[in-house]
Amino acid sequence: MTAPFRSLVRHLVLATFAPAGRGARGGETRGRTSSKRIAKTIGLGLLIFLAVGQVVGLYAYMSYASFDALKTAGLQALSLLNAAISATMLAFVLVFLTALSTYCSSKADIGMLALPIKGRELLGAKMAMAYLVDAPLSILIFAIAATIYAAKEGPGLPFYLGAVLSALALPLPPIAAVYLVIVPLVSAARPLRNKNVVMVMGGVLAIALSLGLNYYFQTVMPRMTDPSYVIKDFAGPEAWLSKLGAAYPPALVATRSMTASGARGPLLGLALLGMGLGAAALIALALGPAYARSLLGFDEQRVRRVAVSRSYVSRAFRGRGALASLFRREWRLMNREPSYFLNGPLVIILMPLILGVGVLVTKQRPDAMRDLGPLLAGWRDRPWPMLLAAAFGAFLGSSTSITCTSLSRDAKALRYLKALPIRPLDFMLAKFLHGLAFAGLGSLVGSGLCSVLLGLGAMRAAGAVLIALAFSAFACVAGLWLDTANPKLTWDTPIAAMKQNPNSIVLIFGAMALVGGLGVASAFMGLGAAGFFALYFGSFSAACAAALAAYPAFARRRLDEIEI
Amino acid sequence: MIKLERLTKTYARSGTKAVDDLSLEIHDGEIFGLLGPNGAGKSTTIKMLTGVLRPDSGLVEIEGIDMARSPIEAKSRFGFVADDPELFNKLRAVEYLNFIADIYRVPDRERQERIAALAALFRIDDALGSSIGSFSRGMKQKLCLVASLVHDPRAWVLDEPMVGLDPQAAFDLKELMRERVAAGGLVLFSTHVMEVAEKICDRIAIMDKGRLRFVGTLDELRRGEGSSGGGSLEELFLELVDDGGRQ
């Protein structure tokens, strides 16, 4: 490894994982900053646990169930092959998304071209970073299956050595394969050398992945307790596992590294690790120069020069009120920045799609519909379907969390905006209305779709939508309060204003907890649909009005205090 | 007229006293240059003057309007060019200019005439339909200059306005400053470029470590106590700042 390569990897690791303000010194504020950082770290840990925990939990259950089923036929080693293939596929998908989004993530990447760094070192560092970011989840998936196998079979030391070496090795070939595809692709296709295009592509792939995973888990999970299904699907002549195992030798080698007797197992694991590292190094060597060349002119934009006529000027420059103009600015800046759009309004499209997958899978299972039918029929005259539709709309409306980052997104412009004669009330009201437009749409889509699925009448459907709207409006004001009190005003890339901003997480989880808590409380209230409507619509509307009324004075004071 | 009286500002987060008891008056009909080394307090002064930062103590008045009491009215009285033109890259130039004109409530006819004239002066009229993100730094700076004059203010405040401008645009900007002052307006700008200040400023202020070291004309600076009596503004500036440093 060369010194520039090591320095580059270190630089990328620090840029990706080091907390903001690392190494900052501050006399009196040090204690407060330190406790804030600890709270943020704990929060981030919890978030990762929650985000990864669900997938890991489902996979652990699947591994456990499939092991038991395969054991009845003496084929339990196939659970290791399944783990190796799952870990490889997961690594491939995750690395593909990482490689796409970090291909040229900032101007600093292009600035590297001015330094005496070889293309192979640049690409090698990117690949190393992709490994550090994405391999842990792949290793975890593999480790779960290996641990279940070890707990049930009690193998000797060679098993553990082989497992560790294979777990480390399995993400390497996917990394090499991904860059083997992506570097020539970006080099050849000029439109791909644009950050926005790359980000939209990544977003679409991520949606496809989440929908695919959702479909997979919903289809497979209910059948895992049926040994005949598991054996047929894992070990039959037409089983996908057999086909994939035959087509992808590293997965078989990984399995053998754990099941072979004596030193042969760990040696196979070592060979797999060596081959993986060799493949990655070969790609970095071969495609490094092409990668460096493809960074030249990345994200370059051209000015469109058009001669202006008198009629163009009188057509283009037309006035409107300050609030309307501020609202349009919010709307345009959010919807034209892919990183903002993907992390905000897109959820309104994504969540109904996931719901659609759920409905599709449920309809394919006659047993599920058989169980669900009487329940829904019994519910028809009760308030629960309306509350369920309201809850989904409330969740969807609040999860756009646009107002939670409204001030943070303006951090770079705040210094200029504060010098303009803009009334703080107009400024923040435009942000509220912008958030409310999407939250309202989310509530309408969420509650509307759910009402149709549950067969609600017009009155109850309208009730559900109105409750969801009131809740979402309240969530918008809460988000505005949060971001005004605790904005993220220092960031390098626009996405950091959203991704490194705890306000969205606080609001989304807070809203989920509130919806869940109220759902449980509702079961004990004994109210009818009209009573629930009056209670929830009234309470959230009143809370929203109260929070809005108190907000302007707070916003004026905070905007005045902010030092930029 | 712009009046700054006994302005003091200490940043809460770092505890740094950026401006210390600063008093200045900038009169109509003059080009006023605010000079000083890095960290002298020029930008903090301009931020307080434009209402971006609240001073710990002291008074800011724009045309007799107290910034603390009537910020919206005070801000309507000047045009401002910030030191960083990296703004709203996702907007098109026409959208940005309309936004600024809406904020200053400029009637349609006036905004159309002024934008057309200023955009032509700075040679960005054929790029008004383009995204600001596609502009070079110099073009963005020109766009900010056009935006700052869309409401035809009497007072024009510019933070490091020459950065990124090509020689022709820098010349046009200096001419425009003179024109506006000749029409009774005032121009206040900060700069590191001594030659620019020397050529166009009627008066200058030199700041160092948050304090005012000198206010007056270049001749007054040359005649000042401790001055060698001659030399360029650059030499005089270095003498003054160096003295301050030693003291």
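Just so it is clear: chains get the letters A, B, ... in the order the sequence lines come, proteins before strands, and each one is counted from 1.
No donor-acceptor distance shorter than 3.5 angstrom exists from the side chain of B:D108 to the backbone of A:S314, with no hydrogens or angles considered. A donor-acceptor pair under 3.5 Å is absent between the side-chain atoms of A:K418 and the main chain of B:T50, judged by distance alone.
Figure legend: A:R329 and B:F99 shown as a cation-pi pair, the cationic atom lying under 6.0 angstrom from the six-membered ring centre and within 45 degrees of its axis.
Within residues 426-435 of chain A, no residue has any heavy atom under 4.5 Å from a heavy atom of chain B.
In plain terms, the two heavy atoms of B:K75 and A:L420 that are nearest each other are CD-O, 3.3 Å. The two atoms that bring B:E113 and A:R310 nearest to each other are CG-NH2, 4.1 Å, heavy atoms only. In plain terms, the two heavy atoms of B:N98 and A:F317 that are nearest each other are OD1-CA, 3.4 Å. Between B:A82 and A:Y416, the closest heavy-atom pair is CB-CD1, 4.3 Å.
The one candidate from B:K9, B:R54, B:K47 that meets the side chain to side chain donor-acceptor pair (under 3.5 Å) condition with A:E563 is B:K9.
By the neighbour-count criterion of 12 heavy atoms within 6.0 Å, atom CZ of B:R137 is densely surrounded, having more than that number from other residues, nucleotides or ligands.
Taking chain A as the reference chain and counting heavy-atom pairs below 4.5 Å, the highest number among B:L53, B:I103, B:V81 is found for B:I103.
One finds a salt bridge joining A:R415 and B:D83 here, because a Lys/Arg side-chain nitrogen approaches an Asp/Glu carboxylate oxygen to under 4.0 Å.
To the nearest 0.5 angstrom, A:R318 atom CZ is 6.5 Å from B:Q112 atom CD.
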